[in-house]
Amino acid sequence: MKQAIRQTLRKLFGFCMVGLVGLFVDIAVLSAVLNLLNPIYARIISFLVAVCATYSLNRQFVFASEAKQINWINGFVRFFSANALGGAANYLTYLTFVYLSPFKDWIQALGTGLDEVVGVQQYVEWGPLLAVIPGTLVGLVFNFTMTMLFVFKPKPQR
């Protein structure tokens, strides 16, 4: 029992480290496309790239022994499907911070040409990027559980 708990905690730690890398990928891609797209579409793209990165890293490092039983594409489909609800919670948290926070008026001011107002430009650059963090935390426990139970479920030992 203790060994199973240790192994789960080790996997959770690895999952968190991979998630941290995924967070940086997410923020980097969001930063790159935020000047081209509005925050909603930019976040969708950054999230999809981050999911590909985290799946690959989890498969290679955290769940390497379990991943041997699953081909990459099948595993990715299961990973994406199992984590869709966690992704939705992540995305809704992001939208809440971007559009329902006290800074939502600053975001809306961009469309009216008021982005010269002091502080608006800084929020546009950093606000959506920082909003990724609480969204990631909301999805972490759910995504780990779903990944353990439905994607990289270990085969029963005989």
Side-chain angles (χ1 to χ4, degrees), residues 1-35 37-104 107 122-157:
M1 183 70 157
K2 287 182 182 180
Q3 185 176 353
I5 291 171
R6 272 193 216 119
Q7 184 178 13
T8 300
L9 289 175
R10 215 174 295 126
K11 287 191 183 298
L12 177 60
F13 179 76
F15 191 84
C16 288
M17 292 300 99
V18 166
L20 189 58
V21 171
L23 175 64
F24 289 124
V25 168
D26 201 346
I27 290 172
V29 173
L30 180 62
S31 179
V33 297
L34 202 51
N35 292 328
L37 301 169
N38 73 38
I40 294 173
Y41 297 120
R43 182 68 168 105
I44 291 170
I45 291 170
S46 70
F47 179 76
L48 291 174
V49 173
V51 167
C52 289
T54 56
Y55 172 70
S56 295
L57 292 170
N58 274 310
R59 180 178 175 82
Q60 185 173 2
F61 297 110
V62 181
F63 300 101
S65 61
E66 295 88 352
K68 293 175 185 174
Q69 307 163 24
I70 308 164
N71 74 37
W72 198 96
I73 293 173
N74 184 31
F76 178 78
V77 169
R78 287 167 49 182
F79 183 80
F80 189 83
S81 299
N83 288 276
L85 191 53
N90 180 329
Y91 189 63
L92 290 174
T93 302
Y94 168 80
L95 291 178
T96 298
F97 273 78
V98 170
Y99 290 107
L100 299 178
S101 73
F103 303 107
K104 69 177 172 132
I107 294 280
Q122 284 78 14
Y123 180 74
V124 170
E125 291 173 2
W126 291 102
L129 301 179
L130 293 174
V132 172
I133 296 168
T136 300
L137 295 174
V138 166
L140 173 66
V141 172
F142 182 84
N143 287 344
F144 177 70
T145 303
M146 296 298 283
T147 299
M148 285 279 294
L149 295 177
F150 298 109
V151 181
F152 298 116
K153 184 177 180 179
K155 291 209 179 212
Q157 295 179 352

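Hydrogens, waters and symmetry mates play no part in the numbers below; they use all other heavy atoms, side chains included.
For the pair Phe152/Ser65, no side-chain contact is recorded, criterion being any heavy-atom separation below 4.5 Å from C-beta on. By the 4.5 Å heavy-atom criterion applied to side chains, Leu140 and Thr136 are not counted as neighbours. In this structure, Val132 and Phe47 have side chains that are not in contact, with every pair of non-hydrogen atoms separated by 4.5 Å or more. Side chains of Phe150 and Asn83 form no contact here, defined as non-hydrogen atoms less than 4.5 Å apart. Between Val33 and Tyr41, the closest side-chain pair of non-hydrogen atoms is not below 4.5 Å. Using a 4.5 Å heavy-atom threshold, the side chains of Ile40 and Leu95 count as touching. With contacts defined as side-chain heavy-atom distances shorter than 4.5 Å, the pair Glu66/Val151 does not qualify. Residues Ile70 and Arg59 have side chains in contact (heavy-atom distance under 4.5 Å, counting atoms from C-beta outward).
With rounding to the nearest 0.5 Å, the separation of CG in Leu12 from CD1 in Ile5 is 13.0 Å. Between Ile44 atom CD1 and Leu30 atom CG the span is 11.5 Å, to the nearest 0.5 Å. Rounded to the nearest 0.5 Å, atoms OH (Tyr94) and CD1 (Ile133) are 12.0 Å apart. Put simply, CG on Asn143 and CG on Asn58 are 10.0 Å apart, with the number rounded to the nearest 0.5 Å. Separating the CZ atom in Phe15 from the CG atom in Leu20 is a distance of 12.5 Å, to the nearest 0.5 Å. The distance from the CG atom of Leu23 to the CD1 atom of Ile27 is 4.0 Å, given to the nearest 0.5 Å.
At least one donor-acceptor pair under 3.5 Å links the side chain of Tyr55 to the backbone N or O of Phe76. Of the possible polar contacts, one joining the Asn71 side chain to the Asn74 backbone as a donor-acceptor pair under 3.5 Å is found. Counting only distance, with no hydrogens or angles, the side chain of Thr93 and the backbone of Ala89 share a donor-acceptor pair below 3.5 Å. Without hydrogens or angle criteria, Ser31 side chain to Ala28 main chain gives no donor-acceptor distance under 3.5 Å.
Across Asn90 and Arg43, no two heavy atoms sit closer than the pair OD1-NH2, 2.6 Å. Of all heavy-atom pairs spanning Trp72 and Ser56, the tightest one is CZ2-OG, 3.3 Å. A pairwise comparison of heavy atoms in Ala50 and Gly22 identifies CB-O, 3.6 Å as the closest pair.
Heavy atoms of other residues, nucleotides or ligands lying less than 6.0 angstrom from CG of Leu149 number more than 12. Heavy atoms of other residues, nucleotides or ligands lying less than 6.0 angstrom from CZ of Phe80 number 12 at most.
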Residue pair Leu85, Met146: steps toward the side-chain contact (heavy atoms from CB on, under 4.5 Å) verdict: CA-CA 10 Å; Leu85 191 53; Met146 296 298 283; over 6 Å; no
